[in-house]
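Below is one structure; the comments refer to it alone.
Index from 1, following the sequence.
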Amino acid sequence: MPPTAPLPRTMLLIDTERFSDRDDVQQALLRRMLFSLVDRVLLTAGVDQTMRLRADRGDAVMELIDPAVPLTTLLRTLLTDLPAELRAMNRMAASSTQLRLRAVLAGGYVAIDEYDGWVGTDLNDACRLLDADPLRAALRERAGDFVLCVSASVHAGIVRHQHTGIPAEEFTHITVPTKNGPLPAWLHGPLPTLAKPSAAPPPADPAPVSPTPAPSPAGIDFRGTNHGVVANRVEGGISFGDSGGRR
């Protein structure tokens, strides 16, 4: 098999909020917390070390998971076990090392090349979702420490079918603008304020109505055709006043 052959994968991407705001000691601790959390959660979902590949991104982690792992099991674990584990971990952590996470679950084709690099449009799209403003805003606005987004394919194949423990009504459709066009996805939980449609603009002011010209004073009502003034005389048939007589 050539080294760049794409294979179907489940992709789990998790990023840490405000990682760069911490000092080096705090960042090192946050990384240990993140890696430990992901290892435990994936093991709970039945994903052992032989069924996954990890890419370390400093403040983030990307996991390529064997598609033999049921996506329903993995998604249920992300909706229940991960938030619970994270909450318990943060209860024991100092305020300066609270771990708050954004996550994306997606599916698609990814190739691993001869340089151990990961290549694939589906992976690019998942990275764009992880960095999207609606996901960032949702984490900022919520009281919890975790927010999850799933790709359109995961929603169509899993979420919308109401599998046990995966309530479809809790997911909200979002569209993320990218340089390659709009990217649809589904956010778990309500839309953040940033992503909500703005209120309808107020109705436009009505077009101004030209005032009706006032009628000419009685006795100076001109009618007829005026051909101009020639030698101090008004040329043309003209009527004065209400008499209707022509002058």
Is any side-chain heavy atom of Pro192 less than 4.5 Å from a side-chain heavy atom of Leu187?
-> yes
Under 3.5 Å, is there a donor-acceptor pair between the side chain of Asp23 and the main chain of Gln26?
-> yes
Quiz item: cation-pi between Arg40 and Phe35, 6.0 Å / 45° = no
Search all heavy atoms of Leu79 against all heavy atoms of Gly165 and return the closest pair with its distance.
-> CD1-O, 3.9 Å
With the side chain counted from C-beta on, respond yes when Pro190 and Arg142 share a heavy-atom pair under 4.5 Å apart, and no when they do not.
-> yes
Scanning both residues in full, the closest heavy-atom pair of Ala168 with Val159 reads CB-O, 3.3 Å
Minimum heavy-atom distance between Ser151 and Gly107, given as atom pair plus value = OG-N, 3.9 Å
Taking NZ, NE, NH1 and NH2 as the nitrogens, is one of them in Asp133 or Arg136 under 4.0 Å from a carboxylate oxygen of the other?
-> no
Check: Thr77 and Leu82 side chains under 4.5 Å, non-hydrogen atoms | no
Residue pair Asn124 / Asp122, side-chain heavy-atom distance below 4.5 Å = no
In sequence, state the C-alpha distance, the side-chain angles, and the governing distance for Asp145 and Arg102, and then conclude on salt bridge (charged side-chain N to carboxylate O under 4.0 Å, His left out).
-> CA-CA 9 Å; Asp145 298 320; Arg102 306 187 312 275; over 6 Å; no
State whether the side chain of Glu141 and the backbone N or O of Thr193 hold a donor-acceptor pair below 3.5 Å, judged by distance alone.
-> yes
Under a single-linkage definition using a 4.5 Å side-chain heavy-atom cutoff for Ile, Leu, Val, Met, Phe, Trp and Tyr, are Leu13 and Val38 assigned to the same hydrophobic cluster?
-> no
Can you tell me if Arg32 and Ser36 form a side-chain donor-acceptor pair at under 3.5 Å?
-> no
Are Val47 and Leu43 side-chain neighbours, meaning at least one heavy-atom pair lies under 4.5 Å?
-> no
Just wondering, do Thr175 and His173 contact through their side chains at under 4.5 Å, heavy atoms?
-> yes
Rounded distance [0.5 Å steps], CZ in Arg18 versus CG in Leu30 | 10.5 Å
Taking the side chain from Thr97 and the backbone from Ala93, do they hold a donor-acceptor pair closer than 3.5 Å?
-> no
Residue pairs involving residues 108-157 (criterion ring-ring contact (aromatic ring centres under 6.0 Å, His included); sequence neighbours excluded) = His155-Trp186
Cationic N near anionic O, under 4.0 Å, Arg54 to Asp39 = yes
Would you give the length of the straight line joining atom CG of Leu42 to atom CG of Leu37, rounded to the nearest 0.5 angstrom?
-> 9.0 Å
Are Leu135 and Val61 connected in a single hydrophobic cluster, I mean Ile/Leu/Val/Met/Phe/Trp/Tyr linked by side-chain heavy atoms less than 4.5 Å apart?
-> no
Glu170 side-chain N/O to His188 backbone N/O, donor-acceptor pair under 3.5 Å = no
Roughly how far apart are Asp21 CG and Thr16 OG1, rounded to 0.5 Å?
-> 12.0 Å
Going by an N to O cut-off under 4.0 Å, is there a salt bridge joining Asp56 and Arg31?
-> yes
Euclidean distance, Leu101 CG relative to Leu78 CG, rounded to 0.5 Å = 11.0 Å
Would Asn180 and Thr178 count as a side-chain hydrogen bond (donor to acceptor under 3.5 Å, both in side chains) if you check the C-alpha gap in whole Å, the side-chain angles of each, and the deciding distance to 0.1 Å?
-> CA-CA 5 Å; Asn180 298 118; Thr178 74; 4.8 Å; no
With a 4.5 Å heavy-atom cut-off, do Arg100 and Leu139 have their side chains touching?
-> yes
Does Met11 belong to the same Ile/Leu/Val/Met/Phe/Trp/Tyr cluster as Leu183, with side-chain heavy atoms less than 4.5 Å apart forming each link?
-> yes
Group every Ile, Leu, Val, Met, Phe, Trp and Tyr by side-chain heavy-atom contacts under 4.5 Å, then state whether Leu123 and Leu74 land in the same group.
-> no
Report yes if some heavy atom in the side chain of Arg9 is under 4.5 Å from a heavy atom in the side chain of Asp66; otherwise report no.
-> no
Rounded distance (nearest 0.5 Å) linking atom CG of Leu105 with atom CG of Leu71 = 5.0 Å
Honestly curious: do Leu86 and Phe19 fall in one hydrophobic cluster under the side-chain, below-4.5 Å linking rule?
-> yes
Looking at CE of Met89 and CD of Glu85, how far apart are the two atoms once the value is rounded to the nearest 0.5 Å?
-> 7.0 Å
Qualifying residue, where the test is side-chain contact (heavy atoms from CB on, under 4.5 Å) with Leu64 and the options are Leu7, Leu12, Thr10, Ile112 | Ile112
Trace of the side chain to side chain contact (heavy atoms under 4.5 Å, CB included) decision for Thr164 with Thr72 | CA-CA 9 Å; Thr164 302; Thr72 49; over 6 Å; no
